[in-house]
Novice: 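What follows is a structure written as structure tokens; I'll ask about it next.
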Amino acid sequence: MKIATFNINGVRARIETLTGWLSQAQPDVVVLQEIKTQDEGFPREPISDLGYNIETHGQKGFNGVAILSKLPLEDVSRGLPGDDSDEQARWIEATVVGQRAIRIAGLYLPNGNPQPGPKFDYKLAWMERLHRRARALLDSEMPVLMLGDYNVILEPRDAAHPERWSDDALFQPESRAALRRIAFDGWADAVRLRDPDASRGPFTFWDYQAGAWQKDNGIRIDHILLSPQAADLMIDLGIDRDERAKDKPSDHVPVWVDLDA
DNA sequence: ATGGTTGTTGCACAA
């Protein structure tokens, strides 16, 4: 079962980018971030025409997440638990039943810039709620994938020029420590599971500005975390870097794992 | 050190 994460940066503006990649990559399950539309504006038909079931958790203008799946989606839940007053659409969960049941959690973690400030405070508070939910998912002892745009550069090797991110919310010690605390409970970072010793990269995001793609000035912020039961099933992993060179690209590229499930 | 881009929305802001 091939499961991917893709920050599409506006699903209506980039529907052809998305369907082109879906047709070529043939993932079984995809979590999308930054759909930037309410549920009723989501372009369902071109995606369902490719054989996908669709569950959305949208918001007007910003944020918004979704799950696409060729297999049935069960027990869908929307919104990160822990703060009923939080109206930002950044979290969706569902169970995919193939040979076995896999729990999928798709997330769009707050950017947090500028820091310091209220947006950074919201990011750190959101990460504390994420930690609680992540622990509960591990406690389920199911195979779980928690994947999406984490908006955290975990280590210096996750940026082409880490020193340029020193004042950015994505690379603050507090953001990095919060993600380490979550992962340390037992999650495997799929990219590092496969290649623990890379000295630089691989990257998943290149800014639209200042020729970042042409200079390979990227960062790795789109992560796939695997519960132990899911890590045992991992067969393959990939980052579809070539998508960044195509027409009308997102600033992020898809990251995927293939599971024996 | 600065400026560089894109989507959605409404004539700015978020990334």
Side-chain angles (χ1 to χ4, degrees), chain A residues 5-21 30-44 46-47 56-66 80 86-91 106-127 130 147-154 158-172 174-176 178-179 203-223 240-255:
Chain A
T5 175
F6 193 3
N7 181 322
I8 194 64
N9 188 21
V11 70
R12 287 178 295 175
R14 251 178 271 289
I15 185 61
E16 287 170 8
T17 302
L18 177 60
T19 53
W21 171 72
V30 184
V31 298
L32 297 175
Q33 302 88 39
E34 288 203 85
I35 62 173
K36 295 187 177 180
T37 176
Q38 297 171 98
D39 295 336
E40 53 269 36
F42 191 93
R44 302 182 66 91
I47 296 169
T56 62
H57 180 39
Q59 180 181 343
K60 187 173 183 173
F62 308 104
N63 307 325
V65 290
L80 182 64
D86 184 3
E87 295 185 350
Q88 299 194 30
R90 299 178 173 277
W91 181 265
L107 67 100
Y108 176 49
L109 205 147
N111 175 295
N113 279 303
Q115 75 78 32
K119 291 188 175 179
F120 190 60
D121 296 341
Y122 173 71
K123 176 179 195 148
L124 297 179
W126 201 93
M127 292 185 82
L130 173 62
L147 72 173
D149 178 357
Y150 279 75
N151 267 320
V152 175
I153 301 166
L154 189 59
D158 292 318
H161 302 285
E163 71 283 358
R164 297 184 193 176
W165 296 88
S166 61
D167 293 330
D168 195 286
L170 278 59
F171 196 53
Q172 289 313 293
E174 296 93 329
S175 313
R176 296 167 60 195
L179 183 51
F203 305 132
T204 66
F205 167 94
W206 296 260
D207 201 289
Y208 289 122
Q209 302 183 71
W213 166 247
Q214 289 76 9
K215 297 173 191 166
D216 196 24
N217 177 14
I219 54 177
R220 187 173 78 98
I221 53 175
D222 300 273
H223 301 298
D240 290 346
R241 230 185 110 90
D242 293 350
E243 292 301 309
R244 188 63 179 79
K246 294 186 177 171
D247 286 341
K248 212 163 161 49
S250 170
D251 41 6
H252 298 250
V253 296
V255 184

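Below, read A as the first sequence line, B as the second, and so on, with proteins coming before strands; counting in each chain starts at 1.
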Novice: Rounding to an integer number of Å, can you tell me how far A/Asn151 CG sits from B/dA14 P?
Specialist: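 In whole Å, B/dA14 P and A/Asn151 CG are 14 Å from each other.
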Novice: When the P atoms of B/dT6 and B/dC11 are considered, how many whole Å apart are they?
Specialist: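 Pairwise P distance, B/dT6 against B/dC11, rounds to 23 Å.
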Novice: Identify each atom pair where a protein N or O and an N or O of nucleotides 4-8 of chain B are less than 3.5 Å apart, giving names and distance.
Specialist:
unit_1 : atom_1 : unit_2   : atom_2 : d
B/dG4  : N9     : A/Gln209 : OE1    : 3.2
B/dG4  : N7     : A/Gln209 : OE1    : 3.3
B/dG4  : N3     : A/Gln209 : OE1    : 3.3
B/dG7  : OP1    : A/Arg14  : NH1    : 3.2
B/dG7  : OP1    : A/Arg14  : NH2    : 3.4
B/dG7  : OP1    : A/Lys248 : NZ     : 2.6

Novice: Using the side chain to side chain contact (heavy atoms under 4.5 Å, CB included) criterion, which residues pair with A/Gln209? Sequence neighbours excluded.
Specialist: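 With sequence neighbours excluded, A/Gln209 shows a side chain to side chain contact (heavy atoms under 4.5 Å, CB included) to A/Asp207, given in chain and number order.
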Novice: Between B/dA14 atom P and A/Asn7 atom CG, what is the distance in whole Å?
Specialist: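 My rounded result for the distance is 17 Å.
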Novice: Expressed in whole Å, how much space separates the P atoms belonging to B/dG10 and B/dA14?
Specialist: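 One P to the other, the span is 13 Å.
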Novice: What pairs with A/Trp126 under side-chain hydrogen bond (donor to acceptor under 3.5 Å, both in side chains), at least two apart in sequence or on another chain?
Specialist: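 Expected list: none.
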Novice: Tell me every residue that passes ring pair (Phe, Tyr, Trp, His ring centres under 6.0 Å) with A/Phe203, counting only those two or more places apart in sequence or in another chain.
Specialist: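 Here no residue qualifies.
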Novice: Answer with base, sugar-phosphate or nothing: what part of the nucleic acid does A/Tyr108 contact at a heavy-atom distance below 4.0 Å?
Specialist: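 Here A/Tyr108 touches the backbone only, sparing every base.
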Novice: Suppose you measure atom P in B/dT5 against the same atom in B/dT9; what distance do you get, rounded to whole Å?
Specialist: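 Between the two P atoms, the distance is 23 Å.
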Novice: Between B/dG3 and B/dG7, how far is it from one P atom to the other, in whole Å?
Specialist: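 One P to the other, the span is 23 Å.
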Novice: With sequence neighbours left out, write down each residue that passes ring pair (Phe, Tyr, Trp, His ring centres under 6.0 Å) with A/Trp91, or none if nothing qualifies.
Specialist: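 Testing A/Trp91 for ring pair (Phe, Tyr, Trp, His ring centres under 6.0 Å), a comparison that skips the adjacent residues, returns none.
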Novice: Output all residues satisfying ring pair (Phe, Tyr, Trp, His ring centres under 6.0 Å) with A/Trp213, sequence neighbours left out; order by chain, then residue number.
Specialist: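 A/Trp213 satisfies ring pair (Phe, Tyr, Trp, His ring centres under 6.0 Å) with A/Trp206 only.
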Novice: Could you tell me how far B/dA15 sits from B/dG4 if I compare only their C1' atoms? Round to whole Å.
Specialist: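 Their C1' atoms lie roughly 14 Å apart.
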Novice: So which one's nearest nucleotide on DNA chain B is more toward 5', A/Gln38 or A/Asp149?
Specialist: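 Here A/Gln38 is the residue nearer the 5' end.
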Novice: Search all heavy atoms of A/Ile15 against all heavy atoms of A/Pro46 and return the closest pair with its distance.
Specialist: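 A/Ile15 and A/Pro46 have their closest heavy atoms at CG1-CG, 3.7 Å.
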